[in-house]
*Asks:* 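Pasting a structure here, questions to come.
Everything quoted here is computed from the prediction, not taken from an experiment. One is the number of the first residue; the rest follow in order along the sequence. Side chains are part of it too, since the values below use all heavy atoms of this structure and drop only hydrogens, waters and symmetry mates.
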Amino acid sequence: MIAWKEDYEVGIDIVDSQHKELFVIAGKAFDLLKNEFVTDKYDAMVEILEELKDYAAFHFETEEKYLEETGFKKLFSHKMEHAAFLQEIEAIDLEELDENQEEHMMRILQFIVNWIDRHILEKDQQFAVK
């Protein structure tokens, strides 16, 4: 599972704290996946996905406002990355999730973790103020 590390810091307190919250939400999904005592994980996973979608949209709005205020030259492409993430979350097939929970949850979690890791380490570091 992905864990917060110093490499993710961009040096902007509000952005870093919001990034950490994304890790917390991803951690909830991982904990649910590994919880052997919960046999039907569908409702909890849908709730986590809704929380992720809502929080990511909130975070992206905050980050984009900051980037606009600071004149970040790659703002448009950055917004496109954010929009693509939200579209991917929105497009998750909940019926498939319900039918094959463990396998589908693992694919969703891998997508989320890979996207967060790549986006913060590659894209967000372009505006870091360390």
Side-chain angles (χ1 to χ4, degrees):
M1 182 60 206
I2 192 168
W4 181 262
K5 56 187 176 185
E6 202 172 292
D7 293 350
Y8 293 118
E9 291 180 6
V10 295
I12 302 155
D13 291 340
I14 188 77
V15 173
D16 286 334
S17 68
Q18 289 180 1
H19 283 164
K20 288 176 185 176
E21 184 61 25
L22 291 172
F23 280 78
V24 169
I25 297 168
K28 288 180 188 179
F30 182 76
D31 291 344
L32 176 64
L33 179 65
K34 295 300 176 195
N35 188 335
E36 296 175 11
F37 298 107
V38 178
T39 54
D40 187 352
K41 301 175 182 182
Y42 176 79
D43 290 339
M45 189 61 184
V46 169
E47 190 175 305
I48 290 168
L49 288 171
E50 282 298 314
E51 180 183 8
L52 175 65
K53 184 174 63 172
D54 292 345
Y55 195 81
F58 165 74
H59 164 64
F60 294 159
E61 183 179 318
T62 301
E63 190 174 277
E64 290 167 8
K65 183 178 179 194
Y66 171 82
L67 295 176
E68 188 172 339
E69 289 171 356
T70 59
F72 183 62
K73 291 183 180 7
K74 296 181 180 180
L75 177 59
F76 181 76
S77 63
H78 209 81
K79 283 183 173 185
M80 296 305 294
E81 286 250 345
H82 290 168
F85 177 81
L86 292 174
Q87 287 173 344
E88 191 76 28
I89 296 298
E90 190 68 42
I92 290 172
D93 185 340
L94 296 179
E95 199 171 292
E96 184 180 340
L97 172 62
D98 195 24
E99 291 172 7
N100 192 354
Q101 292 180 15
E102 298 290 325
E103 182 181 325
H104 201 57
M105 281 177 61
M106 183 55 88
R107 281 199 311 263
I108 292 167
L109 191 55
Q110 286 174 332
F111 162 74
I112 292 167
V113 167
N114 289 341
W115 192 92
I116 290 172
D117 183 65
R118 182 192 55 79
H119 185 78
I120 294 174
L121 290 177
E122 293 177 15
K123 304 300 180 180
D124 288 353
Q125 290 304 317
Q126 294 174 358
F127 63 81
V129 294
K130 296 180 184 180

*Asks:* I would like to know whether I89 and I112 meet side chain to side chain contact (heavy atoms under 4.5 Å, CB included); could you show each step before the answer?
*Replies:* CA-CA 9 Å; I89 296 298; I112 292 167; 4.1 Å; yes
*Asks:* Could you grab the distance from atom CD1 of I92 to atom CG of L97, nearest 0.5 Å is fine?
*Replies:* 8.0 Å
*Asks:* Between NE2 of H119 and CG of D117, what distance do you get to the nearest 0.5 Å?
*Replies:* 11.5 Å
*Asks:* So, the side chain of Q125 versus the backbone of D7: is there a donor-acceptor pair under 3.5 Å, distance only?
*Replies:* yes
*Asks:* Less than 6.0 angstrom separating the ring centers of Y66 and F72, yes or no?
*Replies:* no
*Asks:* Classify the ring geometry of H59 against H82: parallel below 30°, tilted from 30° to 60°, perpendicular beyond 60°.
*Replies:* tilted
*Asks:* In the structure I gave you, are the side-chain heavy atoms of K65 and E61 within less than 4.5 Å of one another anywhere?
*Replies:* no
*Asks:* Show your reasoning for whether side chain to side chain contact (heavy atoms under 4.5 Å, CB included) applies to W115 and E88.
*Replies:* CA-CA 11 Å; W115 192 92; E88 191 76 28; over 6 Å; no
*Asks:* Could you work out, with side chain to side chain donor-acceptor pair (under 3.5 Å) as the rule, every residue matching E122, not counting sequence neighbours?
*Replies:* none
*Asks:* Any side-chain heavy atom of I116 within less than 4.5 Å of one from I120?
*Replies:* yes
*Asks:* Report yes if some heavy atom in the side chain of I108 is under 4.5 Å from a heavy atom in the side chain of L49; otherwise report no.
*Replies:* yes
*Asks:* Is there a path from F58 to L75 through hydrophobic residues (I, L, V, M, F, W, Y) whose side chains come within less than 4.5 Å of each other?
*Replies:* no
*Asks:* Check the pair H104, D93 against side-chain hydrogen bond (donor to acceptor under 3.5 Å, both in side chains), reporting the backbone distance first and the verdict last.
*Replies:* CA-CA 9 Å; H104 201 57; D93 185 340; over 6 Å; no
*Asks:* Do N114 and R118 have side chains that approach each other closer than 4.5 Å (heavy atoms only, starting at C-beta)?
*Replies:* no
*Asks:* Rounded at 0.5 Å granularity, tell me how far CG in L109 sits from CG in L33.
*Replies:* 6.5 Å
*Asks:* Report yes or no: does K41 contribute a side-chain atom to a donor-acceptor pair with the main-chain N or O of N35 at less than 3.5 Å?
*Replies:* yes
*Asks:* Tell me, with the steps shown, if E81 and K74 meet salt bridge (charged side-chain N to carboxylate O under 4.0 Å, His left out).
*Replies:* CA-CA 11 Å; E81 286 250 345; K74 296 181 180 180; over 6 Å; no
*Asks:* Side chains of H78 and E63 only: does a donor on one sit below 3.5 Å from an acceptor on the other?
*Replies:* yes
*Asks:* Could you name each residue pair satisfying salt bridge (charged side-chain N to carboxylate O under 4.0 Å, His left out) that touches residues 9-30, not counting sequence neighbours?
*Replies:* K28-E51
*Asks:* Taking atom CD as the centre, does E95 end up with more than 12 heavy-atom neighbours from other residues, nucleotides or ligands that are less than 6.0 angstrom away?
*Replies:* no
*Asks:* With a cut-off of 6.0 Å (strictly less than), are more than 12 heavy atoms of other residues, nucleotides or ligands near CD of Q126?
*Replies:* yes
*Asks:* Nearest 0.5 Å please: distance from the CD atom of Q18 over to the OG1 atom of T62.
*Replies:* 4.0 Å
*Asks:* Under 6.0 Å from the CD atom of E96, do we count more than 12 heavy atoms belonging to anything else shown?
*Replies:* yes
*Asks:* Given side chain to side chain contact (heavy atoms under 4.5 Å, CB included), test I12 with F127 step by step and report yes or no.
*Replies:* CA-CA 9 Å; I12 302 155; F127 63 81; 3.7 Å; yes
*Asks:* Looking at CZ of F60 and CZ of F85, how far apart are the two atoms once the value is rounded to the nearest 0.5 Å?
*Replies:* 5.5 Å
*Asks:* Rounded to the nearest 0.5 Å, how far apart are CE of M105 and CZ of F30?
*Replies:* 10.5 Å
*Asks:* Give the intermediate values and the outcome of side chain to side chain contact (heavy atoms under 4.5 Å, CB included) for residues Y8 and L121.
*Replies:* CA-CA 6 Å; Y8 293 118; L121 290 177; 3.6 Å; yes
*Asks:* Do V46 and I48 share a hydrophobic cluster, counting only Ile, Leu, Val, Met, Phe, Trp and Tyr and linking them when any side-chain heavy atoms are less than 4.5 Å apart?
*Replies:* yes
*Asks:* Group every Ile, Leu, Val, Met, Phe, Trp and Tyr by side-chain heavy-atom contacts under 4.5 Å, then state whether F111 and L22 land in the same group.
*Replies:* yes
